[in-house]
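So the structure is just underneath, and the comments pick up after that.
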2 protein chains.
Amino acid sequence: MIDPITIKDVKLKLGELCRKKRQSYGLSQEDLGEVLGLSRYTIQKFESGKNATLDTVLKIVNHFGLLPSITKEIDQEIANQNNISLY
Amino acid sequence: MIDPITIKDVKLKLGELCRKKRQSYGLSQEDLGEVLGLSRYTIQKFESGKNATLDTVLKIVNHFGLLPSITKEIDQEIANQNNISLY
DNA sequence: TATATTTGTGTATTATAATAAACAATTATG
DNA sequence: CATAATTGTTTATTATAATACACAAATATA
C-alpha cells in the first residue's frame, strides 16, 4: 500500500512550485507580492505550505502562466463527468 | 486575439465541477458538507464561484478523487522548472 | 569581512471566509 | 396537486487569511 497524497502534501508542493518559479524569474517575495497586489507575508506563508485563499493561489498560478493548463484539466474533468454514464 | 482565461472563470468552472460531481453521487450540498466537515453554505458559495480557502478547495477536490491528477500536474511543473535552463 | 538584500518570524489590526440558523423559492416525489 | 427535499439567500457571529510593521537570521554582493 502506497501512502496516499494528503492535502498538506499538495499545499507544500504548491509552495515549492511558487518558490521555484519566483526564483527562476529573479524575483524576491517582496517583488512577487507587489506585482500581484499581495503582501510579502502572504507569499511567504503560501510558499511554506500554509493555508491561503483561492484568489491568492490563482493570482500566483496565473502569474506563472499556469492558468490555461489548470483550466484544461477542469474542463476535461467536467467533460469526463458528463460521459461517465455512457459506460 | 482570443479572450484570456480569468481567475473568475476558473472559480466558476471549479464550482461547476463540484456541482456535477456531487450530483453524480446523488449528494445534496448538505450531504457533501457533512462528509467534508464543511457547512452547506460553504459548498453553496464554492459552487457559485465565490472565493474560498485552499483547504476547502482541496477537501472537495480530494473527495472526488482529483488530488492525484493535481499532484501530478504540480510535480510536472516543478520538474519542468528544473529543466528550463537546459534549452 | 563588511554591507546590502532577502527571508523567516513575531505582534497587532483589518478583511473576509466559514459557521449557524432561518426562510423563501425551486425542484423532486408521493 | 400536495408534500418533501433541495437550493438560494439573508443576518449575525466566529475563525482565520491578509495586511502592516518591526527585527533577527540567513544569504548574496561589494
Side-chain angles (χ1 to χ4, degrees), chain A residues 6-64 66-67 70-71 74 77-78 81-82 84-85, chain B residues 6-64 66-67 70-71 74 77-78 81-82 84-85:
Chain A
T6 67
I7 288 174
K8 189 175 179 183
D9 289 336
V10 176
K11 287 192 290 185
L12 286 169
K13 280 178 188 292
L14 281 171
E16 180 188 354
L17 177 58
C18 177
R19 176 158 300 176
K20 290 204 171 180
K21 280 283 181 185
R22 175 178 62 78
Q23 290 175 336
S24 79
Y25 286 104
L27 298 172
S28 67
Q29 293 175 344
E30 180 77 39
D31 294 333
L32 181 58
E34 188 147 4
V35 299
L36 297 181
L38 298 172
S39 70
R40 181 174 73 85
Y41 192 51
T42 297
I43 304 295
Q44 158 67 23
K45 271 172 40 188
F46 181 69
E47 288 188 351
S48 58
K50 297 292 189 304
N51 197 11
T53 61
L54 185 52
D55 273 333
T56 292
V57 179
L58 294 180
K59 277 182 188 175
I60 292 169
V61 157
N62 178 48
H63 186 257
F64 294 128
L66 305 177
L67 221 47
I70 286 185
T71 303
I74 297 172
E77 285 297 339
I78 291 175
Q81 190 58 39
N82 291 333
I84 226 151
S85 59
Chain B
T6 67
I7 288 175
K8 189 176 180 183
D9 289 337
V10 176
K11 287 192 290 185
L12 285 169
K13 280 179 188 292
L14 281 171
E16 180 187 353
L17 177 58
C18 177
R19 176 158 300 177
K20 291 204 171 180
K21 280 284 182 186
R22 175 178 63 77
Q23 290 174 336
S24 79
Y25 286 106
L27 298 172
S28 66
Q29 294 175 343
E30 178 78 41
D31 294 334
L32 181 58
E34 187 146 7
V35 300
L36 298 180
L38 298 171
S39 71
R40 179 173 75 84
Y41 189 51
T42 298
I43 305 295
Q44 157 67 23
K45 270 173 40 189
F46 181 69
E47 288 189 352
S48 57
K50 298 293 190 305
N51 197 10
T53 61
L54 185 53
D55 273 333
T56 292
V57 179
L58 294 180
K59 276 183 188 176
I60 293 170
V61 156
N62 178 48
H63 186 257
F64 294 127
L66 305 176
L67 220 48
I70 287 184
T71 303
I74 297 171
E77 286 297 338
I78 292 175
Q81 191 57 40
N82 291 334
I84 228 152
S85 60

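When reading the values below, keep in mind they use all heavy atoms of this one structure, side chains included, and skip hydrogens, waters and symmetry mates. Residue numbering restarts at 1 for every chain, and letters A, B, ... go by the order of the sequence lines.
- Among the protein residues, Gly37(B) comes within range of the sugar-phosphate backbone only, with heavy atoms under 4.0 Å from sugar or phosphate atoms but none that close to a base.
- Expressed to the nearest 0.5 Å, how far CG of Leu12(B) lies from OG1 of Thr6(B) amounts to 7.5 Å.
- Interatomic distance, Ile74(B) CD1 to Ile70(A) CD1, rounded to the nearest 0.5 Å: 8.0 Å.
- Every residue was checked against the side-chain hydrogen bond (donor to acceptor under 3.5 Å, both in side chains) condition with Thr71(B), not counting sequence neighbours, and none meets it.
- The shortest distance between side-chain heavy atoms of Leu67(A) and Ile7(B) falls below 4.5 Å.
- Applying the ring pair (Phe, Tyr, Trp, His ring centres under 6.0 Å) rule to pairs touching residues 34-57 of chain A yields nothing, sequence neighbours excluded.
- Residue Gly33(B) is classed as having no contact, given no heavy-atom separation below 4.0 Å to the nucleic acid.
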Exercise for the section: Verify side chain to side chain contact (heavy atoms under 4.5 Å, CB included) between Thr42(B) and Leu36(B), making sure each step is shown before the conclusion. Expected result: CA-CA 11 Å; Thr42(B) 298; Leu36(B) 298 180; over 6 Å; no
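- Between its opening and closing five pairs, the helix from dT1(C)-dA30(D) to dG30(C)-dC1(D) changes axis direction by 60°, a value rounded to 10 degrees.
- A search for salt bridge (charged side-chain N to carboxylate O under 4.0 Å, His left out) contacts involving Lys20(A) returns Glu16(A), not counting sequence neighbours.
- Considering only residues two or more places apart in sequence or on other chains, Lys11(B) meets the salt bridge (charged side-chain N to carboxylate O under 4.0 Å, His left out) condition with Asp55(A).
- Taking the salt bridge (charged side-chain N to carboxylate O under 4.0 Å, His left out) definition, one finds that Lys13(B) meets it with Asp75(A), sequence neighbours left out.
- Contacts with DNA chain C (heavy atom under 4.0 Å) in residues 43-59 of chain A: Gln44(A), listed by number.
- Scanning for side-chain contact (heavy atoms from CB on, under 4.5 Å) contacts around Glu34(A) gives Glu30(A), with sequence neighbours left out.
- For Gln29(A), no side-chain nitrogen or oxygen approaches OP1 or OP2 of dT5(C) to under 4.0 Å.
- Where DNA chain D meets chain A (any atom under 4.0 Å from a heavy atom), the bounding nucleotides read 5' to 3' are dA17(D) to dA22(D).
- In this view, Glu47(B) and Arg19(B), Arg22(B) satisfy the salt bridge (charged side-chain N to carboxylate O under 4.0 Å, His left out) rule, not counting sequence neighbours.
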Handout entry: Annotated protein contacts, base or backbone, on nucleotides 20-30 of chain C with a non-hydrogen cut-off under 4.0 Å, one of B, S, - each
Key = --B--------
Exercise for the section: Please test Asp31(B) against Val35(B) for side chain to side chain contact (heavy atoms under 4.5 Å, CB included), starting from the C-alpha separation and ending with a verdict. Expected result: CA-CA 6 Å; Asp31(B) 294 334; Val35(B) 300; 5.8 Å; no
I'd like a table of donor-acceptor pairs (distance under 3.5 Å, sequence neighbours excluded) in which one partner is a side-chain atom from residues 56-64 of chain B, with atom names and distances.
| unit_1 | atom_1 | unit_2 | atom_2 | d |
| --- | --- | --- | --- | --- |
| Thr56(B) | OG1 | Thr53(B) | OG1 | 3.1 |

